[in-house]
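Quick note on labels: first sequence line is chain A, next is B, and so on, each numbered from 1.
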Amino acid sequence: MKADAELQLASAPTVALRKPGPIEDLIKFRQLILMLVVRELKVRYKRSVLGLLWTMLNPLLLMVVYTIVFTTIMPSGQHNFSVFLLSALLPWIFFSTALMQGLNSVLANQELIRKVRVPQAVFPLSVVGSNLVNFTLSLVPLVALMLGVGQPFSAALLFLPISVLLLTVFTSGITLLFATATVFFRDVKHLTEVLLQMLMYLSPVLYDVTQLGGKSSWWFNMFRDFLAVNPMTYLIPLVRDPVYYARFPSLLVVAVAAAWSIGALVVGFAVFVRLSPRHIHHL
Amino acid sequence: MRTGEIRIRDAGVSYRLYREKVTTLKEAVVNRFRHLRTSESFWALRHVTLTIAPGEAIALVGHNGSGKSTLLKTIAGVLTPSEGEVETLGRISPMIELGAGFDPELTGRDNVYLNGALLGFSRKQMEAKFDRIVAFSELGDFIDMPIKSYSSGMYARLGFALAQDVEPDILIIDEVLAVGDERFREKCRRRILDFRTAGVTFCYVSHSLESAAQLCPRAAVLHHGRVAFDGAVEDAWAAYREMERGPSPGPQIDLAP
């Protein structure tokens, strides 16, 4: 064959006969996930004067609002309430925002999915990734606040990278699961919006499990039973314990949080990979 | 199986169709749940068997809705066949719709890298290609402008420039040669001929006998989702015309079990 030298295939094709597994596929496309994260951040803050600063300004302003509300309008007895609140609110915002944006991500990229063969998990995962960037950046004003109100810094803060990792693993799993469910039933999106609203009050964000006291009506017992299985009961202390209480989270908390996170990711990824070939018929 | 080979064995793709005709509230509520269970299926492609050897060029011909695009999407790996098997080996450059992955908010430059990643290339590999791609697209300084400010011709030019530089083993072209002006079209045609001489497997969808005969010695005629003819391109057109003369039965819908 009189092949043009310039046209000779640069990389000799050494493709394995076996089809790549879903995890290999994701590893091959890891750069795509990174680029999608960058794209999301670029597009989100495009043409805004402050750009990425908004990720830090946002929790800062939120903090001001909550501090005013809980010091003057309805004072709370909690010492340094703003740190107490923010140390739980920031991880919660990370989880809930990633989930709400991520469950829509397969639908949002349907034009692409119809035309290019790509492991679809990259879309929900990149949404989690861009929210992870936001979450990490929002820890900067939290540190500023801690300095401002004289909150003690302890060695327990060194645990935070593990906390962030577990939160990210958990959020990824749940987001994958809900993203595939949304393709088949659009109702999931609206339902999740309401459920998240409820879950926030049923999770130790505005309060702490230890503050619940000993009321014993039947519905309060039910609430306490729910708290015992609610993954947020274990995931939120991962951040709040080091930041507010200046202590390492207990072994029980870490173990249950890790079990929830790994379980969520395994189930979420397996279900997503199993169902994603059928997505295209439902887009 | 060799690199650049395409093997299709008794492949079929069925789409589910939902009828949405609601007259009463009761029906609306009942239908909500009924459509979860029963639906009608439509076979866009059925019992298709084709083997395309590495370096071979085949034109796919057929009326609108004959299943050409479905077949191409199955080869490209976008669609998974509902039955049968489709196997390919090697990198596929799907020029099914140029610039499919472009984000209008991003610049041409960012889109080149994003699209490269979609095709499985690393940033480094794309950096090596970048200047060539920009030169081919003839976009010049526009490469750093958001894509939404491009004309449709510029958009398609960047799309083709990208698709032609991904070192494919299999090239899938769905009537994209109608992009840009006469001169750019000629440039694209020459580039495709280069690929042919380099031994790239080539699947081409066209409605024009002239361009199909120029590029492909072999042709398959699709008729209502089945391969009705497979052979020399000259004979294919006679077979195609013959078939189109007959009465059109319309798409076949059978109730799913």
Under 6.0 Å between ring centres: does that hold for [X] and [Y]?
{"X": "A:His279", "Y": "A:Phe272", "result": "yes"}
{"X": "A:Phe95", "Y": "A:Phe170", "result": "yes"}
{"X": "B:Phe130", "Y": "B:Tyr113", "result": "yes"}

What part of B:Leu114 gets closer than 4.5 Å to chain A, counting heavy atoms only: side chain, backbone, both or neither?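 Both parts, backbone and side chain.
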In terms of heavy-atom proximity below 4.5 Å to chain A, should B:Pro146 be classed as side chain, backbone, both, or neither?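 Side chain only.
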Do you know which of B:Gly120, B:Gly4, B:Ala117, B:Gly116 has the most heavy-atom pairs with chain A at a distance under 4.5 angstrom?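 With the most close heavy-atom pairs to chain A, the winner is B:Ala117.
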Would you mind telling me which of B:Thr80, B:Asp103, B:Ile92 has the largest number of heavy-atom pairs within less than 4.5 Å of chain A?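 Most pairs with chain A among the choices: B:Asp103.
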Could you check whether B:Thr107 and B:Asp144, counting side-chain N and O atoms only, form a donor-acceptor pair closer than 3.5 Å?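 No, no side-chain donor-acceptor pair sits under 3.5 Å.
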Does any part of the side chain of B:Cys216, heavy atoms only, come nearer than 4.5 Å to the side chain of B:Ile58, both counted from C-beta?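 No, too far: nothing below the 4.5 Å cut-off.
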Is the shortest side-chain heavy-atom distance between B:Thr51 and B:Ile6 below 4.5 Å?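 They are not in contact (no side-chain heavy atoms under 4.5 Å apart), so the answer is no.
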Please find the pair of heavy atoms, one from [X] and one from [Y], that lie closest to each other, and give the distance.
{"X": "B:Ala53", "Y": "B:Arg2", "answer": "CB-NH2, 4.5 Å"}
{"X": "A:Ser172", "Y": "A:Leu265", "answer": "CB-CD1, 3.9 Å"}
{"X": "A:Trp260", "Y": "A:Val229", "answer": "CZ2-O, 3.3 Å"}

Neighbours of chain B found in residues 98-113 of chain A - heavy atoms under 4.5 Å: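 A:Leu112, A:Ile113 fall under the 4.5 Å cut-off.
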Within residues 129-141 of chain A, residues adjacent to chain B where the heavy-atom gap is under 4.5 Å: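 Residues in range: none.
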Look up atom CZ in B:Phe102 and atom CG in B:Leu162, then write down how far apart they are to the nearest 0.5 Å.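 That separation rounds to 5.0 Å.
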If only atom types and distance count, is the side chain of B:Arg157 paired as donor or acceptor with the main-chain N or O of B:Glu138 below 3.5 Å?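 Answer holds: yes.
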Using non-hydrogen atoms only, which part of A:Val118 is less than 4.5 Å away from chain B: side chain, backbone, both, or neither?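 It is the side chain, since no backbone atom gets that close.
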